[in-house]
Amino acid sequence: MSKRKVGFPRMDNYNIALKYLVENGLDCEYVMAPPMTRKTLELGSKYSPDFVCAPFKYTLGSMLEMLQGGGVDAIVETGGVCRLGYYGELQRQILHDLGYQMDFVNLADMGKHKLRGYYAAVRKLNPQVNIPKAVKTLKDAVHLVRCIDTVEDRVRIDRGFENQPGSMKAIFEAYLQELGAAHSRREIDAAFQKVQNALDAVPLHKPEHPLRVGIVGEYYTVMDDFGNHNVERILAYMGQGVEIHRWMTFTHRNLEYNEQADLATIAPYVRYSMGPTTSATVAAALRYADAGFDGIVHVKSFGCTPEVDAMAVLQNISADRKIPILYLSYDSQTGDAGIQTRLEAFYDMIDMKRKRAV
């Protein structure tokens with residue numbers, strides 16, 4: 001029997017880890033969603049409710065591109081703890097109404113039943129799955145995610161100071177291609193060591209005290225370069241270079257996160273959890289402010305309720321800590337030029353503020 005073809009909506013670079021898990025652990029064929037483009041957003045927007053958030057439209061468009069390419073037996077919607085839990089059901093209905101009859105696995109539903117639910121999801125994708133092998137492969141895939149986040153953190157911090165702009169991006173993309181071909185933990189670790197050595201060799205002109213900006217915000221938009229119009233890259237290369245920090249990664253939020261610790265940190269501003277990313281957003285912003293960062297950029301999709309709530313708290317942190325915060329909200333009509341202009345003005349402000357303080 002031919003292997004089942006399984007696809008996930010595109011999610012920045014993490015689809016590489018999903019490919020590793022599906023092919024090596026579930027013994028299925030992984031269908032890689034095409035990179036996000038304007039066409040993806042337009043396709044998703046065409047069949048989405050008008051006022052639904054941009055991540056819904058991006059992920060729906062990504063699923064439709066896979067299905068239009070043919071050969072997809074099952075699509076997995078990763079879901080989430082906010083409205084994404086409902087979004088998965090809505091996306092399922094939209095796809096079925098359009099005539100697509102593939103299996104649709106919504107992990108938001110599976111999570112309600114913990115391990116039993118995830119076991120059922122795996123069995124739905126491959127009834128003959130070897131569970132011990134799948135568990136071992138899952139551990140390797142999680143390790144792969146940690147490696148991606150570690151390397152990307154390094155690129156984010158140093159890319160603005162390359163002697164040859166784009167050097168680190170080229171190294172990182174080659175690293176991702178190598179990971180995409182990995183079939184074992186050994187190959188993952190070899191690729192990780194290779195990329196670290198390559199990044200060590202990149203010539204930099206980094207000053208002792210560069211401008212530092214922290215990026216905070218909504219889970220999907222803050223982590224997806226196309227979805228946030230490459231905020232990190234644009235800001236990193238402005239002026240003499242900017243050191244970019246972003247706490248929100250899959251590793252930090254999904255593998256290591258302790259919300260109670262963050263709530264204790266932000267107790268002067270927030271008493272209760274306000275949603276999936278709010279506590280993490282506020283806590284990261286407070287850490288950046290207390291560490292003497294020059295500015296913070298808050299990124300969210302239009303209508304994201306938890307991040308709208310966070311904005312009022314961020315304004316208080318900005319006033320108390322005297323740190324500028326730029327608020328960027330994205331929908332399907334957001335254009336590159338508007339983001340570029342606002343980032344340029346923000347950079348000029350934090351640069352002048354730093355010079356006045358010297």
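What's counted below: heavy atoms across the whole structure, side chains too, no hydrogens, waters or symmetry copies.
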Passes side chain to side chain contact (heavy atoms under 4.5 Å, CB included), Val22 versus Val76? Steps please.
-> CA-CA 11 Å; Val22 168; Val76 182; over 6 Å; no
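For residues 239-290, the set of pairs meeting the ring-ring contact (aromatic ring centres under 6.0 Å, His included) definition, not counting sequence neighbours, comprises Tyr14-Phe250, His245-Phe293, Trp247-His252, Trp247-Tyr257, Tyr288-Phe293. Sorted by first and then second residue, the pairs that involve residues 312-350 and meet ring-ring contact (aromatic ring centres under 6.0 Å, His included), not counting sequence neighbours, are His229-Tyr330, His298-Tyr327.
There is no side-chain donor-acceptor pair under 3.5 Å between Tyr219 and Asp224. Residues Glu77 and Tyr87 bring no donor and acceptor atom of their side chains to less than 3.5 Å of each other. Counting only N and O atoms by type, the side chains of Asn197 and Gln193 include a donor and acceptor under 3.5 Å apart. A donor atom on one side chain and an acceptor atom on the other are found under 3.5 Å apart for Glu259 and Ser279.
Nearest approach of Val231 to Ile215, heavy atoms of both residues: CG1-CD1, 4.3 Å.
Looking at Asp103 and Arg4, a side-chain N of the basic residue comes within less than 4.0 Å of a carboxylate O on the acidic one, giving a salt bridge. Checked for salt-bridge contact, Arg212 and Asp294 miss the test: no charged N lies under 4.0 Å from a carboxylate O. Using a cut-off of 4.0 Å between Lys/Arg side-chain N and Asp/Glu carboxylate O, Arg321 and Asp290 are scored as salt-bridged. With respect to the salt-bridge test (charged N to carboxylate O, under 4.0 angstrom), the residues Glu232 and Arg156 qualify. Remark: Arg146 engages Glu256 in a salt bridge, criterion side-chain N to carboxylate O under 4.0 Å. Checked for salt-bridge contact, Glu178 and Lys194 meet the test: a charged N lies under 4.0 Å from a carboxylate O.
Between the side chain of Lys46 and the backbone N or O of Leu41 there is no donor-acceptor pair closer than 3.5 Å.
Atom OG1 of residue Thr281 and atom CE of residue Met311 lie 11.5 Å apart, to the nearest 0.5 angstrom. Rounding to the nearest 0.5 angstrom, the gap separating the CD1 atom in Ile188 from the CG atom in Leu179 is 7.0 Å. The OG1 atom of Thr137 sits 8.0 Å away from atom CG of Leu26, with the distance rounded to the nearest 0.5 Å. Taking CZ of Arg92 as the reference point, atom CG of Asn106 lies at 6.0 Å (rounded to 0.5 Å). Between the CE atom of Met102 and the CG atom of Asp73 there is a distance of 11.0 Å, given to the nearest 0.5 Å. Between the CG atom in Leu328 and the CG atom in Leu343 there is a gap of 6.0 Å [rounded to 0.5 Å].
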Exercise answer: donor-acceptor pairs, residues 166-174 side-chain atoms, under 3.5 Å, sequence neighbours excluded:
{"unit_1": "Ser167", "atom_1": "OG", "unit_2": "Gln164", "atom_2": "O", "d": "2.5"}
{"unit_1": "Lys169", "atom_1": "NZ", "unit_2": "Glu173", "atom_2": "OE2", "d": "2.5"}

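Hydrophobic clustering (ILVMFWY, side-chain heavy atoms < 4.5 Å, transitive): Val6 and Tyr20 are in distinct clusters.
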